[in-house]
2 protein chains.
Amino acid sequence: MALPNGPVTASSEAEAVLFDLVDVYDRAYEAAAAELSLSPAQACLLGRLDERRGMSALAEELGCDASNITQIVARLEALGLVTREPNPRDRRVRLVTRTPQGDEINHRFAAAFTFARTAVERLSPDEQNQLTALLRKALS
Amino acid sequence: MALPNGPVTASSEAEAVLFDLVDVYDRAYEAAAAELSLSPAQACLLGRLDERRGMSALAEELGCDASNITQIVARLEALGLVTREPNPRDRRVRLVTRTPQGDEINHRFAAAFTFARTAVERLSPDEQNQLTALLRKALS
DNA sequence: ATAGATACTTGAGTCCATCAAGCAATCGTT
DNA sequence: AACGATTGCTTGATGGACTCAAGTATCTAT
């Protein structure tokens with residue numbers, strides 16, 4: 001389990017609840033990945049492959065170094081969840097695609113990561129809209 | 001930068017905003033730590049030392065293995081931010097304490113991690129209460 | 001006094017992450 | 001068409017976080 005990203009001292013109740021949320025969310029994500037023997041990074045990457053993508057596109061999207069993607073994709077490939085095919089239109093690019101097995105695992109991961117969904121579902125539709133509006137404002 | 005913990009597909013707008021929040025929060029935490037040349041785990045641990053604690057207390061509080069704490073504390077000690085003193089009442093225990101320098105760094109980290117604070121401050125007091133209530137309900 | 005629990009460390013192994021260096025393919029310019 | 005620069009990716013090295021298994025020292029309970 002990754003250590004939580006807690007504030008040193010919360011300056012308000014809202015801030016404390018925010019921290020709780022982030023912590024529980026991250027742990028739930030990690031736990032869901034672990035159920036399928038994936039690391040969070042692997043689960044994340046697998047989830048971004050609804051369309052095939054080049055490695056640098058993934059690196060940019062995920063905000064990390066390309067060589068990091070190389071490693072993670074290599075492990076996913078070794079697990080049979082992903083393939084790397086050359087792009088005929090630009091032979092520098094290697095297109096990453098989920099295998100059928102990768103689709104299956106990705107689907108099961110989506111089912112296992114219930115946290116965000118069930119949290120939202122504890123709220124009425126009205127409350128969901130309020131929450132969305134408040135968070136959007138807080139994030140702006 | 002750690003890869004984000006995004007849901008495979010968001011089932012609602014609220015869920016998508018939740019994910020955004022977590023992602024931005026985590027990145028801000030990491031960036032604040034990086035400003036002080038700390039890893040997120042180091043910043044987190046340093047923040048838990050307002051009172052001195054034994055290693056296993058820290059491990060339990062943070063939800064990880066004791067040997068992980070040993071390592072992180074060793075690095076913080078090498079940086080001069082923390083000391084390990086034997087507990088005279090139980091010589092198995094090694095009490096971890098922030099040094100004055102550790103206090104200073106911890107204080108600067110708290111100042112650097114503005115994300116949660118400023119996000120909350122974009123809301124009126126009323127809205128802050130609403131948000132707190134909604135998140136509490138969602139987390140229950 | 002001894003057996004068992006507790007606190008911590010060490011060592012080995014995996015993964016994530018970053019940086020520097022390198023190769024191959026493409027692009028832009030002339 | 002050819003050259004240099006850029007782009008896409010990989011490799012190798014390094015470091016931190018994390019886990020597990022094994023080990024030592026101390027404490028507790030009987």
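Sequence lines set the chain letters: A, B, ... in the order given, protein chains first and strands last, and positions in each chain run from 1.
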Enquirer: Given that A:Gly63 and B:Ala57 both sit by DNA chain C, which one's nearest nucleotide is further toward the 5' end?
Expert: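 In this pair, the answer is B:Ala57.
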Enquirer: Report yes if a side-chain nitrogen or oxygen of B:Arg91 is closer than 4.0 Å to either non-bridging phosphate oxygen (OP1 or OP2) of C:dC8; otherwise report no.
Expert: no
Enquirer: Does a nitrogen or oxygen in the side chain of B:Arg89 sit under 4.0 Å from OP1 or OP2 of D:dC27?
Expert: no
Enquirer: Return the value, rounded to whole Å, for the distance between atom CG of B:Asp65 and atom C1' of D:dA22.
Expert: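 Atom CG in B:Asp65 sits about 12 Å away from atom C1' in D:dA22.
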Enquirer: Please tell me if B:Thr70 has a side-chain N or O lying less than 4.0 Å from either OP1 or OP2 of C:dT9.
Expert: yes
Enquirer: By nearest nucleotide on DNA chain D, pick out whichever of A:Met55 and B:Ile69 is the more 5' one.
Expert: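 Taking each residue's closest nucleotide, the earlier one in sequence belongs to A:Met55.
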Enquirer: Looking at every non-hydrogen atom in both residues, tell me the closest pair between B:Lys137 and A:Arg122 and how far apart they are.
Expert: CE-O, 3.3 Å
Enquirer: A:Asn68 CG to D:dG8 P: how many Å, rounded?
Expert: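 Computing the A:Asn68:CG to D:dG8:P distance gives 17 Å.
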Enquirer: Determine the contact category for B:Ala2: base if any of its heavy atoms lies under 4.0 Å from a base atom, sugar-phosphate if only primed atoms, P, OP1 or OP2 are that close, otherwise nothing.
Expert: sugar-phosphate
Enquirer: If you check the A:Gln42 side chain, which of D:dA17, C:dC16, C:dG11 turns out closest?
Expert: C:dC16
Enquirer: Within this structure, what is the CZ-to-P distance between B:Arg75 and D:dG15, rounded to whole angstrom?
Expert: 11 Å
Enquirer: Just compare D:dT26, D:dC9, C:dC8 and give me whichever is closest to any side-chain atom of B:Asp90.
Expert: D:dT26
Enquirer: Checking the side chain of A:Ser39 only, and the main-chain atoms of A:Gln42 only, is there a donor and an acceptor separated by less than 3.5 Å?
Expert: yes
Enquirer: For the side chain of B:Ala66, counting heavy atoms from C-beta on, which of C:dT9, D:dC18, C:dC19 is nearest?
Expert: C:dT9
Enquirer: Give a yes/no on whether any side-chain N or O of A:Arg92 is located under 4.0 angstrom from OP1 or OP2 of C:dC23.
Expert: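 So the side-chain polar atoms of A:Arg92 never come under 4.0 Å of the phosphate oxygens OP1 or OP2 of C:dC23.
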Enquirer: Base, sugar-phosphate, or nothing for A:Ser39, non-hydrogen atoms under 4.0 angstrom?
Expert: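 Sugar-phosphate contact only.
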Enquirer: Do NZ/NE/NH1/NH2 and the carboxylate oxygens of B:Glu85 and B:Arg94 come within less than 4.0 Å?
Expert: no
Enquirer: Atom CD1 in B:Ile72, atom CG in B:Leu46: separation rounded to 0.5 Å?
Expert: 11.5 Å
Enquirer: Under 4.0 Å between a side-chain N or O of A:Ser56 and OP1 or OP2 of D:dC9?
Expert: yes
Enquirer: Answer yes when B:Arg98 and B:Glu51 have at least one side-chain N-carboxylate O distance shorter than 4.0 Å, and no when they do not.
Expert: no
Enquirer: What about B:Ser67: does its side chain form a donor-acceptor pair under 3.5 Å with the base of D:dC20?
Expert: yes
